[in-house]
Structure formats: structure tokens, C-alpha cells
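In what follows, a single structure is set out as C-alpha cells and then discussed.
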Amino acid sequence: MEKILESLNDAQQEAVKTIDGPVLILAGAGSGKTKTITSRLAYLLAQGIPASSILTLTFTNKAATEMRERALSLIEDKTYPPLLCTFHKFGLLFLKFNMEKLGRRNSFVVIDTDDKKRIIKSFGIDMPVGLVANEISRYKNSLIDPALAWEKAELPNYKKIAQTYEQYEKYIKDNNLVDFDDLLVLPYKILNENEDLCRETSERYKYIMVDEYQDTNDLQYRLIRKICSTHENICVVGDDDQSIYGWRGANIKNILDFKDEFKNTKIIKLENNYRSTTNILKAANELIEHNRSRLGKVLRSTKGEGTAISIIESHDEKNESTIIAKRIKVLIDKGVSPRDIAVLYRINALSRSLEEGLNRVGVPYNMVGGVKFYERTEIKDLISYLRIIANPNDDFSIKRIINRPKRGLGKVTIDKILKGAYENHLSIYGYITTKQDELKGMVSKKCYNALVEFSENLQRLIEVSSEATYNIIDELESLYGIKKYYDQLPDSLERVSNIDEFYGLFRDLVKQNPEMSIDEFLNDLALQSDQDAIDTENIAIMSIHTSKGLEFDYLFVIGMEEGFLPLVGDGSDIEEERRLGYVAITRAKEELTLSYSESRFYKGRRTELTKSRFLKESGVCQGSLVLEKTTSYRKGDLVKHKIFGIGRIFEISKVKREFKLKINFSGTKRDIVASFVEKI
DNA sequence: TGGGTCACGGTTTTT
DNA sequence: CCGTGACCCA
């Protein structure tokens, strides 16, 4: 007990020791939030509360993993660790036990956003699929069913969306699929409709903690309400200034209004920052002060002043990335460990030029996030194969791989099969295996043989999987030759190595847990984020969103321009953009470098840019700062002047904060400020 | 059926 | 700019 408390400050101790009733812990960036939660968890156990009564919900798998490790290190008896997982994982577990309450089997399959879009697309709607998918998601999270969506729809497009929504819901229900939203929606529905189960569940989890509460959505709030309905021992931890998921339905009101929603809430503020230097905190505090809707808190530094925040001003993104890469190289050469260095950006598109720069200078890096491992085509193909082994009637998955690797089945043949299956009220697999005569008369001999081979192989695989999950991979490869297929396609090297990695992952997990079924494996996979696999050898580059919860000694933020940070567009919220800026700045421990460029090449054209208002708002653009202005002009470049015409640069110099070029205009030499000429 | 060409549109951010 | 999707021809 003493051990748990001794390294905590007063506020943290109070947070840890307040175990009954609603508690709101406002934990500023770097205030030891994870430490506080994990200590509280250990404290609850030390008080004799059974592990099975405690539920801790997090936002990402990474956070869950980290907390689990840290909590376990504080606990003596590790036999029955308390449940600590993401909201979605909790929903998944809950549905595994209670799906039959909705008249559905618990052998459901979790689909990801990509699957969802494919399904919607297959309905042939003439609207952007992503938009429709988002709207459906919005409806589901607001518990609006298709009928109500139809009623509320005024514009024809929304009528169409409502129709698609209905079609989609029917489709996934018929195929026993569950999307990410369902993992929250369905548990809520079950709890809402079964009072006894709700009470039982609430009594089981007597102590609940929720991390990153500022990023919960309405549905998560309702779910929490249900689960703590019998006791209100609910402790939420968050920072309203770090709410950055409004775009996907996170409701900052959840944290702002928590004290009104739960009576007798005890509010504890953690304002001591143990992470960043005073200079960095000052910028962060000044920036976030510009927001109006916030609970209000100021981070106090516990470290020294540190180095001044450095600003890089470049002519274009190529220049920017070169400077940053060079600076990083200097740091590494000085002995800084690459894992303590990171570069952040607001949008993924900015990673490209950055990567090029790092490659030019020879700095190896690790891009976190981006295209997810399990979203790659080859991996999704493998997932589809595993899905149909687990459930051969999964039409959705079978359609994906019925001609991959190519076995000569074209659109016409596939349409015939679909039609036949539909008319016989059978799944595709069911149709192929039971209506062989009909099939034979319908498709070409070649196609028929291919289909028979395909289904026989599948049967063989299903047999193998019932014997030993571990052997599936070898059998899958030898029967279908997926690796061989990808080996002769573009990017074969990367794809094959991805496939190998996936096979390795599968084998590892089966080894660890020989009882694991394929759909267990698949469902866990769907909820996995690949941030768990951060490699610690190299510097990290990632989006600001991805960087949430992380910290780095040396931090660079690129794209500090109007239009990029803040990103402006329809539906963008300047306060949320500011919070993103705040999150970015507060990732830095020792040295922070903010970079902006005068222009960028984006979406196929070059755009002139002005520096971000956040630079002024955070106070870094006036006063003591190291400014490095750069130019992309080189000796020998041809430039054009409005009056003097075309000339060649023969000397470049820096005067105050401007670049002076000595230019030879067909014999006449002149000194011109760089901003008056144009590169040609 | 499948490969090739061309036009278009698009980008935050994640479970 | 790049990747995707539609369309056309061998």
C-alpha cells in the first residue's frame, strides 16, 4: 500500500484514494495520468476489492497494453488480473456472451471500415461511399434506426442514405456480421432491453475507470451509465484540452458536463507536468488559452526553462524535410537515441516529402499508423480465406477471393453463381456444393472445374482446421498458393513479406493459445491497431492524432501553416484544431521545433501558404526564439524578375531575415531580395 | 477473361 | 501527384 502511494504527489494520491462515487480526474498532458490510473487500480486491489469487480476501459489497444503492464508490475497476485481493455473489446466480449438476446448467434464476425465500404458499394449507390458509411455510423451511434433516419431525412440524398442504411443493416444481420459501431450499439441495446442483465452487469463491475474520457462519444457515455447504474463508482480520467476526436463523434460535453451528470462528483486536477520544459509548457498554455469551451487548468512545470522553441521557415517542403532530416542526423550523431526523436504532422499526406527528406539524408525512420497492416489487400485476402474456413457461408468474404488467386472466373460467371445462389436461397458455397448439376449447365467447363476444385480445397481446409488450427497455414498455402500468386504481382517483395508476417503472427498466437478458434483470432485482429508494433530502433514519424499519449525528448512538428494546422474545411472546428496543436506541443520533453513552409505541393498543385496562427497564439513567433530561414535557391539557378527579366544567380547571402541574391541579368549584375524573383 | 489505357477525384484524424 | 475505377479491345 505504502509502496503504491509513495511516489505520487498530493493530487495523485487523492485521486488514487478516492474510490467510491463519481470521480473526475482532470489530468493535464504529462501529469502522470497513466501512473495515477494504474496506481489506483493497484490500490483498489490492495483494499481487498476482487479483481473481477474492476473494469478499466481505454481508447486504444496500446493504452490498454501499457496500463496492463504497469498495473501488473504493482500487483503481487497476478493470477486473475482485472479486465482492462478498449471499449470495443469490452463490447466484443459482452456480445460473445449475450448475442443470443438479440436472436443472433455469437459466431459473428467483426468487419472493419473497409469491409463496410465494400458492402455499401455493392449496393450500387451513386454517392461517395465514405460519406454514406460515415452517415450510417453517425445514425448508429445516435441510436437512430433506418426507419427513423428515413423519417428525419428531408433531402432526397438523405432518403437514399436512409435506404442504404436499411439495406446495410439487413445485409450484415443476415451474414451475422458486426461492425465497429455495433460493438457499442448492440451491447447498449441488450442492456437497455434487459433490466436484469443490466443490473447484474453493473453489480459485477463495481468499480469502473475510463481513460481518455474526453474522447468518448454519446453512446459510450450511455453505456457507462448503464454499467454503473447500481453504484456510480465511476472514475473518469481525461483532459478536455486534448479532445481531438470530435470528427468521429467524440463529445467533449461528456467531460465538460460530467459533474452535472453525476451528482457529488469529486473533481481532482492534476496540473503538475513532469514531462516538458518551462518553455514548451508556456507555449502550450498560451495556445490553449485561446479556446473558450474548456474547464480551465494551467500546467505547472517541474523542470527547468530548457532550450527555446526553435522555428524552421522554409521555402518549400523539400527544403523543410532536408533541414529536419539534417538536424535529426546531427542529434543522432551527438548520441541521442533515435527512439527519443519524432516528427509529427497534421495530415498523413505530409509524410511523403518528409520521408523523401529522411531518405536523402539517410535517416532511417519508422512510420507509425498510415496504411494499416491488416488493411493491405494481401492480408485482407488471407483474412477472407480464414473467414470462409470458419464460416463457408460467408458470402461477403467468398466473393472477395473466389477469383483470387486467379482461377479463370470472370464477372459473367460470378454473376451467374450469385444469381443461382440467390434464386435457391443458398449461400454461394452452399450453391456450389449442392447444386452441381445446375451449375454445370450454366458455366463453362473450365469454370466449373475451377469451382469444384475451389470448394473441395475449402472442404479440406475446414477438416484440417477442426483437427488443429496450427496446420491451417501450411494447408492454405499448398492448396491455394496465395504467396505464389502475390509473388508475381507488383510489389511482390513487400506483399510476400507481409504474408509471411501474417502467417507468423497466426502461428505465434495459436502456439500461445492452442484452443483459439479462427473467429476468435479474426475478431481480435479486427480490433488491433498496429501501434503496438512501434519499432524502437528508429525515429518515429506519425500524425498528431497517433501521437496522443506518447512523449519524445526531441520533437519536430511540420506543416505549421494555415490550411494544414489549423486544417480548415467544412466541418472543421478551430478549437479542436487548437487542441491538436496543444497535443502536438505537449508531446515534447526537451526540445521542440516547429516548422512551416512558404509553399507546399498538395493535391497536384503548389499552393502558397502563410504560417499558422498558432505560432503567434502560442507566443513562439515573438521573443526569444531561434529562427532558421532557408531558401531553396542555389547558385546557378535561373530566376525571373518582373522588371529585369531572366537572370542567373551567382551568389546567395543572408541579410537579417531575408535572402539576398546576386543575379546576373544578361551581363548586368544586381542585388535582389529573394522574394522579388521567381524560380523558373 | 484479363490486361491496358484513360479520366477522375481526393485526403485529416481511428476502433 | 498518385491511386483507383471505368471502359475497351485482344
Side-chain angles (χ1 to χ4, degrees), chain A residues 57-64 85-92 110-117 121 128-131 133-134 137 140-141 178-185 212 215-217 219-220 243-250 317 344-353 356 368-372 374-375 377 403-404 406-415 443-444 446-447 450 489-491 523-532 542-549 559 563-573 576-577 579-580 583-584 600-607:
Chain A
L57 296 171
T58 63
F59 191 68
T60 62
N61 289 301
K62 201 177 97 239
C85 61
T86 63
F87 268 97
H88 290 83
K89 173 84 184 189
F90 176 76
L92 177 72
V110 179
I111 56 167
D112 64 23
T113 316
D114 180 65
D115 297 328
K116 182 181 182 179
K117 285 184 187 164
K121 199 165 173 206
V129 180
L131 181 113
N134 275 340
S137 198
K140 290 178 82 156
N141 276 290
V178 161
D179 66 17
F180 285 143
D181 302 319
D182 285 335
L183 290 174
L184 304 176
V185 174
E212 305 283 13
D215 286 322
T216 52
N217 65 20
L219 195 55
Q220 286 165 328
S243 167
I244 54 175
Y245 285 97
W247 53 273
R248 71 177 224 212
E317 70 281 0
L344 307 183
Y345 35 81
R346 173 67 175 87
I347 62 174
N348 279 323
L350 297 197
S351 77
R352 178 181 290 258
S353 61
E356 284 165 2
V368 189
V371 184
K372 267 159 235 32
Y374 55 88
E375 275 174 18
T377 1
N403 196 33
R404 211 156 1 165
K406 291 196 167 44
R407 37 182 81 89
L409 303 169
K411 195 172 180 305
V412 181
T413 312
I414 291 172
D415 280 348
V443 302
S444 74
K446 227 174 80 190
C447 290
L489 258 48
D491 302 319
N523 287 341
D524 275 356
L525 196 74
L527 297 185
Q528 200 133 65
S529 76
D530 46 7
Q531 281 166 47
D532 306 302
M542 69 190 98
S543 72
I544 298 174
H545 282 89
T546 305
S547 76
K548 189 165 89 157
F564 284 96
L565 182 63
L567 185 77
V568 283
D570 46 295
S572 70
D573 168 1
E576 183 151 318
E577 294 300 311
R579 291 192 291 269
L580 271 161
V583 168
R600 267 182 210 286
F601 198 79
Y602 182 59
K603 284 200 199 179
R605 29 173 243 266
R606 179 152 298 282
T607 332

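Proteins get letters first, then strands, A, B, ... in listed order; numbering begins at 1 in each. Hydrogens, waters and symmetry mates are skipped; everything else that's a heavy atom, side chains included, is used.
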| Within 45 degrees of the axis of the six-membered ring of A:Phe59 and under 6.0 Å from its centre: does A:Lys548 put its NZ or CZ there? | yes
| request: Could you state the atom-to-atom distance from CG of A:Asn217 to C1' of B:dT15 in whole Å? | output: 10 Å
| remark: Rounded to whole Å, CG of A:Asn348 lies from P of B:dT13 at a distance of 4 Å
| task | If the plane angle is over 60° it's perpendicular, under 30° parallel, otherwise tilted; pick one for A:Tyr602 and A:Phe564. | result | perpendicular
| query | Given B:dT13, B:dG2, B:dT15, which nucleotide is nearest the side-chain atoms of A:Ser543? | reply | B:dT13
| request: Would you indicate which nucleotide in C:dC1, B:dG2, B:dT15 comes nearest to any side-chain atom of A:Asn403? | output: B:dG2
| request: Look at A:Lys121 and C:dG5 and indicate whether a side-chain polar atom (N or O) is within less than 4.0 Å of OP1 or OP2. | output: yes
| note | Atom NZ of A:Lys62 and atom C1' of B:dT14 are separated, to the nearest Å, by 12 Å
| Reckon A:Thr546 has a side-chain N or O less than 4.0 Å from the OP1 or OP2 of B:dT14? | yes
| Euclidean distance, atom CD of residue A:Glu317 to atom C1' of C:dC1 [Å, nearest integer] | 11 Å
| said: Tell me the interatomic distance from A:Lys117, atom NZ, to B:dT15, atom C1', rounded to whole angstroms. | reply: 14 Å
| field | Given DNA chain B, 5'-ward residue of the pair A:Leu409 and A:Thr86, judged by closest heavy atom | value | A:Leu409
| request: Measure from the side chain of A:Arg352, starting at C-beta and using heavy atoms only, and say which of B:dG3, B:dT15, C:dC2 lies closest. | output: C:dC2
| Minimum-distance nucleotide (side-chain atoms of A:His88 versus B:dT13, B:dT15, B:dG2) | B:dT15
| remark: Distance col, row A:Phe90:CZ vs A:Leu184:CG, nearest 0.5 angstrom, shows 10.5 Å
| request: Name the nucleic acid region contacted by A:Phe564, choosing base, sugar-phosphate or nothing; use a 4.0 angstrom heavy-atom cut-off, strictly under. | output: nothing
| request: Decide side-chain contact (heavy atoms from CB on, under 4.5 Å) for A:Leu580 and A:His545; before the verdict, give the C-alpha distance in whole Å, the side-chain angles of both, and the deciding distance to 0.1 Å. | output: CA-CA 8 Å; A:Leu580 271 161; A:His545 282 89; 3.6 Å; yes
| query | Atom CD1 of A:Ile544 to atom P of B:dT11: distance rounded to whole Å? | reply | 19 Å
| Within the structure shown, what part of the strands sits under 4.0 Å from A:Thr113 by heavy-atom distance: base, sugar-phosphate, or nothing? | base
| task | Over all heavy atoms of both residues, which pair between A:Leu219 and A:Lys140 is shortest? Give the atoms and the distance, please. | result | CD2-O, 4.4 Å
| Starting at CG of A:Leu580 and ending at P of B:dT14, how long is that distance when rounded to a whole Å? | 11 Å
| Distance, rounded to the nearest Å, where A:Phe87 contributes CZ and B:dT14 contributes P | 19 Å
| query | For A:Trp247 and B:dT13, do the ring centres fall under 5.5 Å apart while the planes stay under 30° apart? | reply | yes
| request: By nearest nucleotide on DNA chain B, pick out whichever of A:Lys446 and A:Phe180 is the more 5' one. | output: A:Lys446
